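These numbers were taken from a predicted model, which means no experiment stands behind them. For the numbers below, each heavy atom of this structure counts, side chains included, while hydrogens, waters and symmetry mates do not. Here is how names work: the chains are called A, B, and so on, in the same order as the sequence lines, proteins then strands, and each is numbered from 1.
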Amino acid sequence: MQDLFYIKDVSRCVGKEVELRGWVYHRRRKGAVSFLVIRDGTGSGYIQCVFVRGELSDEQFEITDRVPLESSVLVRGVVREDRRAPGGYEILGSQIELIQEACDYPITPKEHGVSFLLDRRHLWIRSKRQRAILTVRNELLKAIRDFYDQHDFVLVDTPILTATFAESEVELFETEYFDLGKVFLTQTGQLYLEAAIFAFNKVYNLGPTFRAEKSKTRRHLTEFWMNEAEMAFYDNEMNMDLQEEFVEYIVQRTLERCRGELELLGREIAPVENVRRPFYRIEYSRAIEILREKNFDIEWGDELGGDEETAISMSFDKPVFIMNYPRGIKAFYMKLNPEDPRTVLNADLLAPEGYGEIIGGSQREDDYDCLIERISEFGLPVQPYRWYLDLRRYGSVPHSGYGIGIERTVAWICGIKHVREAIPFPRTIRRIRP
RNA sequence: UCCGGUGUAGCUCAAUGGUAGAGCGGGUGGCUGUUAACCACUAGGUUGGGGGUUCGAGUCCCUCCACCGGAGCCA
């Protein structure tokens with residue numbers, strides 16, 4: 001097969017005749033010279049093609065002057081360096097073929113509202129900013145997989161259709177499952193990862209999860225991606241140590257590979273560079289004190305809402321763990337704190353700059369009887385958890401794990417305020433298309 | 001579900017209760033180095049739907065709808 005030319009390789013092709021295949025991003029004409037900026041989706045992805053009347057047929061020159069934006073074209077020409085060209089390289093075009101003429105592309109180089117753009121998300125992802133964000137997402141996911149590979153974790157894919165549910169109050173999407181009644185789209189693969197540590201010791205998953213909550217905030221999607229990890233013989237401290245190493249790695253690796261994208265997005269780089277161990281660790285009780293000092297009307301035992309999380313995360317210049325929440329507001333599977341049984345051995349990690357919770361983690365209850373008690377404390381039926389309880393009967397060990405929200409992490413790294421731009425095709429309460 | 005906000009040209013937005021406009025985009029023409037090019041001309045509207053007040057409603061009132069933001073809940 002013949003090698004295709006890609007814009008990302010342009011610096012290696014100076015002086016060569018190339019065949020560029022891509023889409024018209026921008027068009028200008030100055031008299032007998034017309035300029036087409038073509039993108040092909042590779043690298044930074046844009047190159048200026050220059051066409052001079054007389055150097056190609058009138059018919060072809062006409063195409064360069066008329067071709068609508070986002071039409072697909074093939075351009076033949078010689079690559080050269082030129083200071084006047086954006087990016088420093090351009091193609092002096094000798095031939096152009098219109099592959100398909102785009103008709104009335106709806107997204108123009110001017111401003112559009114978010115609603116308009118989300119209705120055209122299938123086209124919007126071609127834009128510079130959206131490509132930058134999705135590139136960061138891609139590099140972040142690669143960094144996540146590499147981290148686990150380097151730390152002897154095994155990828156265990158957890159099911160999306162499930163019959164059990166881990167946290168009672170969360171609303172789930174339901175569907176009828178043949179003769180077996182109602183099943184749910186998963187909200188977490190954690191219980192399955194807990195089973196898998198007995199086979200592989202350290203495991204992780206990476207995939208979509210679903211919440212039917214009617215949330216309408218910048219932090220929520222109904223379908224979002226989560227990475228969860230579960231480690232045998234880890235206590236809550238070791239769990240936090242690992243999360244620090246993990247977050248530092250994925251953030252710094254992504255920064256290293258996506259500095260250009262972050263600059264394009266206008267992201268301030270210093271706070272991202274500052275994401276280095278150690279992070280801060282405070283008790284839930286201390287968090288309540290801090291909030292009361294800031295005049296929040298909050299009592300020990302209350303949930304931390306969005307505003308509270310923002311206030312705490314703004315108080316620290318690095319991510320901060322909030323440890324040992326009251327047992328009543330966290331999930332049944334979390335191990336009670338032996339030093340203060342009013343609380344559990346957990347930690348939520350809040351990203352700085354007001355981004356709020358990106359990780360929730362805990363040590364799990366590993367004692368059979370305690371777990372049964374906790375299930376009933378939450379008013380949950382024991383039957384669906386029979387297999388999960390088995391794990392406490394056949395070689396139970398102390399273990400811990402966590403889950404990180406991919407879109408929230410992407411939004412934080414990119415410095416964008418809404419998670420819906422951090423996923424290619426967002427699903428929200430009001431949006432299922434495109 | 002609750003609270004707040006917004007619906008005017010393809011898009012982004014103006015318009016004291018008194019003739020519905022601009023910029024961009026589209027179309028036509030001009031320009032031999034443009035950088036969101038520029039210049040000239042041009043087409044484009046049941047002001048979200050319905051009802052009401054008024055001599056007169058984009059503007060005020062009622063109602064419905066759609067969307068946005070936030071709360072609750074959560075990653």
Side-chain angles (χ1 to χ4, degrees), chain A residues 25-37 46-55 61 64-66 68-70 80 82-88 90 92 102-120 124 127-128 166-172 186-190 207-228 302-310 329-331 348-351 355-361 402-412 417-420 422-423 428-431:
Chain A
Y25 177 73
H26 203 68
R27 191 188 73 212
R28 297 178 286 271
R29 184 170 70 91
K30 172 83 189 234
V33 184
S34 67
F35 301 89
L36 293 187
V37 179
Y46 302 84
I47 191 163
Q48 172 170 286
C49 300
V50 186
F51 302 89
V52 180
R53 191 194 294 277
E55 310 235 334
F61 188 78
T64 70
D65 190 36
R66 302 277 164 174
L69 299 190
E70 290 302 321
R80 64 183 205 190
D82 193 310
R83 263 182 292 124
R84 294 168 296 187
E90 65 183 20
L92 187 57
C103 181
D104 297 329
Y105 188 69
I107 301 177
T108 67
K110 289 285 176 178
E111 282 172 37
H112 297 286
V114 174
S115 195
F116 176 86
L117 291 166
L118 281 171
D119 285 341
R120 292 154 186 82
W124 190 23
S127 76
K128 275 186 183 170
E167 283 145 72
S168 58
E169 289 173 13
V170 176
E171 291 192 57
L172 302 175
T186 185
Q187 54 149 325
T188 170
Q190 181 199 315
T209 50
F210 307 87
R211 304 280 162 93
E213 300 287 351
K214 291 178 178 167
S215 301
K216 288 173 61 182
T217 81
R218 79 180 100 90
R219 302 205 239 254
H220 290 87
L221 297 168
T222 53
E223 176 180 311
F224 67 98
W225 280 56
M226 189 154 68
N227 155 235
E228 296 173 284
D302 289 345
E303 284 278 6
L304 302 185
D307 289 347
E308 286 82 5
E309 276 184 11
T310 302
I329 60 173
K330 284 291 172 182
D348 284 353
L349 183 66
L350 307 190
Y355 276 90
E357 183 178 354
I358 55 167
I359 293 184
Y402 60 87
I404 179 169
I406 301 303
E407 289 75 21
R408 285 187 182 177
T409 307
V410 172
W412 166 45
K417 60 175 200 277
H418 207 302
V419 291
R420 67 192 162 196
I423 185 168
T428 63
I429 180 172
R430 296 233 166 269
R431 196 170 290 282

For the side chain of [X], starting at C-beta, report the closest nucleotide among [options].
X	options	value
A:Gln48	B:G72, B:G33, B:C74	B:G33
A:Arg408	B:U34, B:U12, B:A75	B:A75
A:Ser115	B:C67, B:G69, B:A75	B:C67
A:Thr217	B:G72, B:U32, B:G33	B:G72

Just call it for [X]: base, sugar-phosphate, or nothing, with non-hydrogen atoms closer than 4.0 Å on any strand.
X	result
A:His220	base
A:Glu407	nothing
A:Glu90	base
A:Arg431	sugar-phosphate
A:Asp82	base
A:Phe35	base
A:Arg218	sugar-phosphate
A:Gly113	sugar-phosphate
A:Pro86	base

5'-most by nearest nucleotide on RNA chain B - A:Trp225 or A:Thr428: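 So the residue in question is A:Thr428.
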
A:Tyr25 versus A:Leu69, closest heavy-atom pair with distance: O-CD2, 3.9 Å

Base-paired stems in RNA chain B, each at least three Watson-Crick or G-U pairs under 3.5 Å: B:1-7 with B:65-71, B:10-13 with B:21-24, B:26-30 with B:38-42, B:48-52 with B:60-64

Between [N] and [M], how many Å separate the two [atom1] atoms, rounded to a whole number?
N	M	atom1	result
B:U12	B:C55	P	38 Å
B:C64	B:U42	C1'	39 Å
B:G44	B:U54	C1'	32 Å
B:U6	B:C61	P	12 Å
B:G4	B:A9	C1'	29 Å
B:A66	B:G25	P	34 Å
B:U59	B:G51	P	14 Å
B:A14	B:A22	P	16 Å

Please examine the side chains of [Y] and [X], heavy atoms only from C-beta on, and report whether any two atoms are closer than 4.5 Å.
X	Y	answer
A:Thr209	A:Thr188	no
A:Arg28	A:Gln48	yes
A:Val419	A:Phe224	no
A:Arg84	A:Val50	no
A:His112	A:Trp124	no
A:Glu70	A:Pro106	no
A:Leu350	A:Glu357	yes

With A:Ser34, the side chain to side chain contact (heavy atoms under 4.5 Å, CB included) member among A:Arg53, A:Arg27, A:Arg29: A:Arg29

Calculate the interatomic distance between [X] atom [atom1] and [N] atom [atom2]; express it in whole Å.
X	N	atom1	atom2	result
A:Ile404	B:A75	CD1	P	13 Å
A:Arg430	B:C67	CZ	P	5 Å
A:Arg28	B:U32	CZ	P	17 Å
A:Leu117	B:G10	CG	P	17 Å
A:Ile329	B:C73	CD1	P	10 Å
A:Phe51	B:G33	CZ	C1'	14 Å
A:Arg29	B:U28	CZ	C1'	12 Å
A:Arg27	B:G33	CZ	C1'	17 Å

Below 4.0 angstrom from OP1 or OP2 of [N], is there any side-chain N or O of [X]?
X	N	result
A:Arg66	B:U28	yes
A:His112	B:C24	no
A:Arg420	B:G69	yes

N/O donor-acceptor pair, side chain A:Arg219 with base B:C73, under 3.5 angstrom: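 Under the 3.5 Å cut-off, the side chain and the base do not form any donor-acceptor pair.
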
Those residues that, when tested against A:His220, pass side-chain contact (heavy atoms from CB on, under 4.5 Å) (two or more places apart):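 A:His220 satisfies side-chain contact (heavy atoms from CB on, under 4.5 Å) with A:Ser215, A:Thr217, A:Arg408 only.
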
